[in-house]
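Heavy atoms only: backbone and side chains are in, while hydrogens, waters and symmetry mates are out. Sequence positions, counted from 1, serve as the residue numbers for this chain. Just so it is clear, the structure is predicted and the values come from calculations on it, not from any experiment.
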Amino acid sequence: MKKFLVAILAVFAVAGIFAADGRLIIAMETEPVGLDPHLVTAFASHRVLENIYDGLFRYDENMRLIPNLAEEAKAVDPYTIIFKIREGVKFHDGTPLTVEDVLFSFQRILDPDTKSPAAAFYQDVESIKAIDNNKIEFKLKKPMASALLPNFAGVNSSIVSKKFVESGKNMQLETNGTGPFYLAEYVPGNYIVLKKNPYYFMKGQPKLDEIKIVFMPEEVSRVAALKNGDVDIAKINEPLNLKQFPEGKFKIYRSPVLSYYLIGINTTRKPLNDPRVRNALNYAINREAIIKAVAFSEGVVTGPLNPAVQPWALQPKAFDEYTYNPAKAKELLAQAGYPNGFEFEIVTSQRYNFDKVAQVIQAQLAEIGVKVKINLVEWGIFVKKWRESDFDAFISMNSGSIEPDIQFYRTFHTGGSTNVFLYSNPRVDELLDLGRSEVDISKRKAIYDELQRIIVKESPVIFLYSANQVFVSNASVEGFKLLANESLVFLRETYKK
C-alpha cells in the first residue's frame with residue numbers, strides 16, 4: 001500500500017511539472033453576456049462557447065468548412081442534406097452524444113419559445129429527422145444547401161445535450177458541451193477557467209490543460225499584465241501599444257477580420273425614417289479619417305460585405321455614397337426638408353472603441369449641421385436597448401461571414417431575428433429569398449450585387465470599416481492562430497514550450 005501511495009504521489013509530482021506549462025492565461029476586454037449557445041449574440045460569449053460546444057462543422061485556418069461533430073455531409077439532392085454523426089463523442093458530463101441530441105438541438109433552435117437568433121437561418125428547412133441511428137436528415141423547402149451549410153459551423157448552431165437541457169439547468173449559467181474544454185469556474189467580472197475535456201474526440205487535443213480568461217476592460221491593464229508576465233497572451237486594440245512589445249521577447253499576431261463597425265439606425269424614428277436622411281449621413285462620414293483616428297490605420301473601409309469576401313463582395317469604390325461629400329449630404333438633407341440639419345442620439349458603449357468612433361462621427365456630422373448626442377451606457381444596458389430597438393441610432397460591431405445569406409438574411413429581412421433596425425423593403429425580402437434558393441453562382445452573385453446596392457442606398461445600416469485583430473503573446477506560446485471571423489477555436493492547438 002505504501003509503495004502504491006508513493007507511486008501515485010510521483011505521478012502527481014510529474015503531472016504538476018507539466019501542468020505549469022499546460023496552463024494559459026489570456027486577457028480579454030469583455031466578459032460573456034450569457035452562456036446559452038442558442039441564444040447569445042455577443043462576441044465575448046461566442047469566444048468562450050466555441051471552445052465549450054461543437055457544431056456539425058467548423059472552419060479550418062483558411063476559413064474552409066470541415067467536418068466536426070458531423071463526420072460527413074452529403075447532399076442527396078438539392079433539397080436534402082444528410083449528416084453522419086461522429087461516433088464515440090461524449091459530453092463533458094460523460095454521457096454519449098446521440099443523434100437524438102442533434103435532433104433536439106435543432107428543434108430547440110426552431111422552437112419560437114426559444115427565440116434563438118439562429119432560427120432565421122433554418123426557416124426554409126421543411127423537416128429534420130433522425131435516420132439509421134447515426135444520421136440526421138434535413139429536408140429543405142428550397143434548393144439552398146450552399147447557403148445553409150456554413151450555418152452549421154456557428155456557435156448559435158451548437159449541439160447541446162437533450163438530457164442536460166430537459167433537467168432544467170440554467171443554460172445561461174451552466175454548460176455541458178462536447179468541445180475541447182469544459183467550464184470549470186466562472187467569477188463574473190473577474191475570470192473564467194476552462195479545463196481540458198478528457199473525453200474530447202479529437203486525438204491529441206486540446207494541448208493545454210487549462211485556460212484562464214481574465215477580463216480586463218482597460219487596454220493599459222492588459223498591456224501591463226502581459227509585460228509583467230501575469231498573462232501569457234492578450235487582445236490589443238491600440239496599435240501604438242505594439243511598440244511596447246520587442247520582437248524576440250513577444251510575438252505579435254495580426255489578421256484582418258470579417259466583422260465590421262457600423263451605425264445602426266432605427267428606421268421608424270423621424271427624421272431617420274427617410275432614406276434620404278440616412279443616405280446623407282453616408283456622404284457626410286469620412287471613413288478613412290475614422291480608421292486613422294481610432295484604429296491608427298489598422299483597418300479597411302468595408303461595404304455590406306468585407307472586401308476580401310470573394311466572389312460576393314462589391315468593393316467600397318462601387319458605392320458613390322462612400323465618397324466623402326458633405327455638399328451632397330447637405331443637398332439630400334434639404335431635399336428631405338432639413339436644410340439646417342437635425343438632432344438625434346447615438347447609443348454606444350466604451351467596449352471595442354465604440355465611444356471613440358462615435359466621437360469622430362459626432363464631429364463629422366456637425367459639419368453638415370447634424371447634432372449628435374452621445375448616450376454612453378454600460379454594456380448590459382447597451383445590449384438591452386439593442387434587443388428592444390430602443391435607440392435612434394447606435395454604434396456597434398457585427399460579425400461578418402463568408403456566406404452572404406448568413407450576413408444579410410436575419411439582419412435585413414422583414415422580421416429578421418437581428419433586424420433591430422425595423423427595416424422592411426419588399427424587394428430586399430425578395431432578393432434575400434432568391435439568394436437562398438439560387439444554385440447558379442453567377443446568378444446568385446447578381447442577386448447579392450443588387451441587394452448590396454439597395455442596402456447602401458437606403459442605409460438602415462451605415463457600414464464603416466473592418467479593423468485588424470491583434471493579439472500579443474510571450475515567446476513561450478506556440479500554435480496560436482487567428483481566424484478572419486475572430487474565432488479562437490485554435491486555442492485547442494495552442495501550447496506553451
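- For CG of N133, the number of neighbouring non-hydrogen atoms (other residues, nucleotides, ligands) closer than 6.0 Å is 12 at most.
- For D390 and R269, the salt-bridge test passes: some basic side-chain N is under 4.0 Å from an acidic carboxylate O.
- Here the options are R351, M216, E219, K235, the test is side chain to side chain contact (heavy atoms under 4.5 Å, CB included), and the partner is E29; only K235 passes.
- Screening F490, F245, F480, Y253 for a ring pair (Phe, Tyr, Trp, His ring centres under 6.0 Å) with F471, the sole residue that qualifies is F480.
- Not one N or O on the side chain of R410 forms a donor-acceptor pair closer than 3.5 Å with the backbone of G416.
- Side-chain atoms of T267 come within 3.5 Å of backbone N or O of F421 as a donor-acceptor pair.
- Looking only at side-chain heavy atoms (C-beta outward), I109 and N156 stay at 4.5 Å or farther from each other.
- Here the side chains of Y260 and Q407 are in contact, with some heavy-atom distance below 4.5 Å.
- Of the candidates K243, R222, K356, K356 is the only one forming a salt bridge (charged side-chain N to carboxylate O under 4.0 Å, His left out) with E238.
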>> V294 vs Y465, test: side chain to side chain contact (heavy atoms under 4.5 Å, CB included). Steps then yes/no.
In response: CA-CA 11 Å; V294 179; Y465 72 97; 3.7 Å; yes
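- By the 4.0 Å N-to-carboxylate-O rule, R108 lies close enough to D36 to be salt-bridged with it.
- Residues I128 and L110 have side chains in contact (heavy-atom distance under 4.5 Å, counting atoms from C-beta outward).
- Within the model, atoms NZ of K212 and CG of L24 stand 12.0 Å from one another, a figure rounded to the nearest 0.5 Å.
- In terms of modelled atom types and a separation under 3.5 Å, the side chain of D101 and the main chain of S161 share no donor-acceptor contact.
- Contact annotation: the side chain of V257 never approaches that of L482 to less than 4.5 Å [non-hydrogen atoms, C-beta and beyond].
- Listed by chain and residue number, D124, D405 satisfy the salt bridge (Lys or Arg N to Asp or Glu O under 4.0 Å) test with R436 (two or more places apart in sequence, or in another chain).
- Between the side chains of N474 and D232, at least one donor N or O lies within less than 3.5 Å of an accepting N or O.
- Here the two rings, on F138 and F83, have centers that are under 6.0 Å apart.
- W379 and F382 have parallel rings, their planes meeting at less than 30° on a 0 to 90° scale where 60° marks the start of perpendicular.
- By the 4.5 Å heavy-atom criterion applied to side chains, P32 and I192 are counted as neighbours.
- Counting non-hydrogen atoms of other residues, nucleotides and ligands closer than 6.0 Å to CD of E218 gives a total of 12 or fewer.
- Ring orientation note: the planes of Y122 and F152 are tilted relative to one another, at an angle of 30° to 60°.
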> Is there a side-chain hydrogen bond (donor to acceptor under 3.5 Å, both in side chains) between D54 and T178 once you walk through the steps?
Replying inline: CA-CA 6 Å; D54 283 310; T178 61; 2.8 Å; yes
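- Salt bridge absent: E478 and K207 never bring a charged side-chain N and a carboxylate O closer than 4.0 Å.
- Every residue meeting the salt bridge (Lys or Arg N to Asp or Glu O under 4.0 Å) condition with D60, not counting sequence neighbours, appears here in chain and number order: R64.
- No more than 12 heavy atoms of other residues, nucleotides or ligands shown are found within 6.0 angstrom of NZ on K163.
- Proximity of E61 to L483: side-chain heavy atoms (C-beta onward) are separated by under 4.5 Å at one or more points.
- No donor-acceptor distance shorter than 3.5 angstrom exists from the side chain of N228 to the backbone of D230, with no hydrogens or angles considered.
- Using a 4.0 Å cut-off between charged nitrogen and carboxylate oxygen, E72 and K84 do not count as a salt-bridge pair.
- Between Y409 and H413, the angle of the ring planes stays under 30°, which puts this pair in the parallel group of the 30/60° scheme.
- A donor-acceptor pair is defined here as one N or O able to donate and one able to accept, closer than 3.5 Å; such a pair exists between the side chain of Q362 and the backbone of V372.
- Here the OH atom belonging to Y59 is positioned 10.0 Å from the OG atom belonging to S487, to the nearest 0.5 angstrom.
- With rounding to the nearest 0.5 Å, the separation of CZ in F57 from CG in L69 is 11.0 Å.
- A 4.5 Å side-chain heavy-atom check between F394 and T348 finds every atom pair outside the cut-off.
- At a threshold of 4.5 Å between non-hydrogen side-chain atoms, the residues Q359 and I374 count as touching.
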